[in-house]
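One structure is given here, and the rest of the page talks about it.
Values below: all heavy atoms of this structure, side chains included; hydrogens, waters and symmetry mates excluded. These numbers come from a predicted model, not from an experiment.
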Amino acid sequence: MHVPDPAAYRLTVAPMMDWTDRHCRYFHRLLSPHAHLYTEMVTSAALVRGNQVRLLEHSHEEHPVALQLGGSDPAELAAAARMGAAAGYDEINLNVGCPSDRVQSGRFGACLMREPALVGECVQAMAAAVDIPVTVKCRIGVDDQDEHADLQHFTRTMVSAGVRVLVVHARKAWLQGLSPKENREIPPLDYGRVYRLKQEFPDLIIVINGGITTVEQVQAHLGRVDGVMLGRSAYHDPYLLAQCEQALYGTPLPGKVQVLEHLRIYIEAEMARGTQLKHISRHILGLFQGEAGARQFRRTLSEGAHLEGAGWALVEAAMAPLRQAA
């Protein structure tokens, strides 16, 4: 079985539905050459029965990039994993952490933490189908699962199934009574539970996720676990990725305008293929977070990117106040 390199997981960006599409990942790669990126969750059923080309599309520049799958049928997940590996992804990740109603009704996501044996079967089937790492992303528990023993048992089952990398969102998931948004904010964070897991399973690569918003927090977590996964903070304040990249790898900080100028080639190539500017520009709205001119930058793009004919000239117009302020 492929043995992953712990160093490859020091800085990662969470799979986020409706956010981490291929345009977002390309942009994030410009900010951080080393970050390990993840796709939005793709259900195994959609992949096996749907438009594989559209669902698996990504660019060479995104690597290293992992495909996250959702599902609970071992054979179907194995087939989907094979498709992901054939498409060139560097890793297949199984979602055992998403708490949405739609996910529960399909018997995948966080509800599977109650069925570790089934998750183990899924992982074994996927690992037998591909030569790339098969990893799992989970929560610290669900609903009334509040004993550390439950998380220990789940983790032990994953290790027995061949998992070498476990990404742990340090919150429980409440499958009844809380919306997916509330599940990202209301259940209290318990980083100590994740640290303890690393002590108990020292050979397992543990990546911590949940509520991490600063370079200092990233560095502090790395003293206790192998990797850190940034979620909403990397999306709403994407320059945080560049700052973490500099702190962890010594990569010089790029100028924000310079990042967008590098993105221009991608934008123009995508628009030549028929992609509308709004599908790319929505991911860059937070780049100038907290700076003079940032609000105007967001407004110009938000109001103009959906209009017919919107292109690079609109991005230039949005940057004009920021160039003046610089």
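With 3.5 Å as the limit, one finds a donor-acceptor pair spanning the side chains of E245 and T251. Of the N and O atoms on the side chains of H36 and E91, at least one donor lies less than 3.5 Å from an acceptor on the other residue. Side-chain atoms of Q68 and E40 form no donor-acceptor pair, as typed in the model, at a separation below 3.5 Å.
Atoms CG and OG1, from N95 and T43 in turn, are 11.0 Å apart once rounded to the nearest 0.5 Å. In this structure, CD1 in I208 is found 11.5 Å from CG in L166, a value given to the nearest 0.5 Å. We find the CG-CG distance between L47 and L67 to be 6.5 Å, quoted to the nearest 0.5 Å. In this structure, CG on L241 lies 8.0 Å from OG on S233, to the nearest 0.5 angstrom. For the atom pair CD1 (I92) and CG (L77), the distance works out to 10.0 Å, reported to the nearest 0.5 Å. For the atom pair CG of L253 and CD of Q258, the computed distance is 10.5 Å after rounding to the nearest 0.5 Å.
The backbone N or O of M229 lies less than 3.5 Å from no partner atom in the side chain of Y9, so there is not a single donor-acceptor pair. Judged by distance alone, with hydrogens and angles left aside, the side-chain atoms of K198 form no donor-acceptor pair with the main-chain N or O of V207 at under 3.5 Å. At distances below 3.5 Å, at least one donor-acceptor pair connects side-chain atoms of R29 with backbone N or O atoms of P64. Of the possible donor and acceptor atoms, none in the side chain of R139 sits under 3.5 Å from a partner among the backbone N and O of H169. Put simply, the side chain of S160 gets close to the backbone of R156: a donor and an acceptor are under 3.5 Å apart. Judged purely by atom type and a 3.5 angstrom limit, D190 has no side-chain atom pairing as donor or acceptor with the backbone of A170. Not one N or O on the side chain of Q124 forms a donor-acceptor pair closer than 3.5 Å with the backbone of A161.
Counting all heavy atoms, side chain and backbone alike, F297 lies closest to I284 at CE2-O, 3.4 Å. Across every non-hydrogen atom of P4 and V165, the tightest pair is CG-CG2, 3.7 Å. Smallest separation of non-hydrogen atoms from A80 and L69: CB-CD1, 3.8 Å. Taking every heavy atom of both residues into account, G304 and A310 meet most closely at O-CB, 3.3 Å. Closest approach of G211 and Q217 over heavy atoms only: O-OE1, 3.8 Å. Residues M113 and I140 share a closest heavy-atom pair of CE-C, 4.4 Å.
Here the rule is ring-ring contact (aromatic ring centres under 6.0 Å, His included) with H58, and of Y89, Y26, Y38 only Y89 fits it.
Look at E261 and K256 and you find no salt bridge, because none of the NZ, NE, NH1 or NH2 atoms lies under 4.0 Å from a carboxylate O. Between R282 and D21 there is a salt bridge, since a side-chain N of the basic residue sits under 4.0 Å from a carboxylate O of the acidic one. Salt-bridge formation is detected for the pair E62/R25: a Lys NZ or Arg NE/NH1/NH2 atom is positioned less than 4.0 Å from an Asp or Glu carboxylate oxygen. By the 4.0 Å N-to-carboxylate-O rule, R10 lies too far from D226 to be salt-bridged with it.
Classification of the H23-Y266 ring pair by plane angle, with boundaries at 30° and 60°, yields perpendicular. Using cut-offs of 30° and 60° for the angle between ring planes, the H283 and Y235 rings count as perpendicular.
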Between L230 and L11, is the side chain to side chain contact (heavy atoms under 4.5 Å, CB included) condition met? List the steps.
CA-CA 8 Å; L230 299 176; L11 178 63; 4.0 Å; yes
For the pair V167 and T135, evaluate side chain to side chain contact (heavy atoms under 4.5 Å, CB included) and give the outcome as yes or no after the intermediate values.
CA-CA 8 Å; V167 181; T135 67; 5.5 Å; no
Passes side chain to side chain contact (heavy atoms under 4.5 Å, CB included), H236 versus Q289? Steps please.
CA-CA 8 Å; H236 294 305; Q289 182 88 354; 5.6 Å; no
Quick one, Y191 with I212, criterion side chain to side chain contact (heavy atoms under 4.5 Å, CB included). Give me CA distance, side-chain angles, the key distance, then yes/no.
CA-CA 11 Å; Y191 295 134; I212 302 164; 3.9 Å; yes
Test side chain to side chain donor-acceptor pair (under 3.5 Å) on H221 and E216; report intermediate values, then the result.
CA-CA 9 Å; H221 284 303; E216 292 74 23; over 6 Å; no
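At a threshold of 4.5 Å between non-hydrogen side-chain atoms, the residues P15 and T39 do not count as touching. Side-chain contact between L197 and V225: absent, with no pair of heavy atoms (C-beta onward) separated by less than 4.5 Å. At a threshold of 4.5 Å between non-hydrogen side-chain atoms, the residues T157 and F154 do not count as touching. Within the 4.5 Å cutoff, the side chain of L37 has no heavy atoms near those of the T20 side chain.
The salt bridge (Lys or Arg N to Asp or Glu O under 4.0 Å) check on R22 picks up E57, E270, with sequence neighbours excluded.
For residues 301-311, no residue pair satisfies the side-chain hydrogen bond (donor to acceptor under 3.5 Å, both in side chains) rule, not counting sequence neighbours.
For the pair R298 and F288, the cation-pi criterion (under 6.0 Å, within 45° of the ring axis) is not fulfilled.
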